[in-house]
Amino acid sequence: MIIQMVNVCKEYPKQQVTALKDININVEKGEFVFLTGKSGAGKSTMISLLFREELPTNGQIVVAGRSLSRLSNKEITVFRRNVGMVFQDSRLMADKTVFENVAFAMKVIERPWAQICEEVPKVLERVGLKNREKHFPHQLSGGEQQRVAVARAIINKPLIVFADEPTGDLDPDTSRELMGLLQEINAAGTTIIMATHDKEIVNRMQRRVLVLQHGQLVDDQVGGWLL
Ligand code: ADP
């Protein structure tokens, strides 16, 4: 099991919001899991708990063998470097080239420069951006920017990639291409957890679907999004 959530609740007491209520899930290594539900259902909250940006109010979360409530600050940094994350807005550094954006993820884990120079072009080729190394983010289309974000998420060979609405700003064709890329990454063994409210994508992919409604898990099955 690569992800386990046991009786997980997340409350925001000041706003009197219960964002997640009593969530229990297990995810096996290599799965592709959609996290779906209407806006406000709790998808982003779940991703931020799994990425250890936030702590649950109650319950336990274990990701890649680590109990997330017991990590020191240093361990949190190490944990985050061992899982990939793709956001809706690619969050690339605007003043850095495509190469530098991806290389940065290797620099922070102190990989040698020779290895960076070898691996960054390889991963860029893998995501279909072979001749874009010297481009700056504003010189790329939205779909290309998301490919850079995916390259950055996978460069350190994480066991898991979390994606929060990665196709949210893309047109349908570009979304389809990005999903193809995520599918390839999953086929090579990386577990993917993707939050989306796009029913068309979920129904086309026929993968495991977790459905959230007002913070509760109301469905967990393989296939389309029926609710
Ligand atoms: P989704 O990603 O499905 O749109 P969210 O996880 O963003 O849903 O939000 C779930 C609920 O939690 C919403 O009611 C939202 O307003 C609330 N919420 C999310 N983050 C916070 C926060 N930092 N403080 C207070 N309430 C929040």
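Remember, it's 1-based here, ligands and their atoms both numbered in the order they're listed. Everything numeric here is computed off the predicted structure, so don't read it as measured data.
Screening residues 13-22 for side-chain hydrogen bond (donor to acceptor under 3.5 Å, both in side chains), with sequence neighbours left out, gives no hits. Applying the side-chain hydrogen bond (donor to acceptor under 3.5 Å, both in side chains) test to pairs two or more places apart or on separate chains, those with a residue in residues 153-167 are Ser44-Asp164, Glu119-Lys157, Glu165-His197.
In this structure, Phe99 and Cys117 approach most closely via the heavy-atom pair CZ-CA, 4.3 Å.
Between Phe32 and Phe34, the ring planes lie tilted relative to each other; the angle falls in the 30° to 60° range.
Between Val8 and Leu49, the closest side-chain pair of non-hydrogen atoms falls below 4.5 Å.
Closer than 4.0 angstrom to ligand 1 lie heavy atoms from Tyr12, Gln15, Val17, Ala19, Lys38, Ser39, Gly40, Ala41, Gly42, Lys43, Ser44, Thr45.
In the hydrophobic clustering, where aliphatic and aromatic side chains (Ile, Leu, Val, Met, Phe, Trp, Tyr) are joined below 4.5 Å either directly or transitively, Leu55 stands alone.
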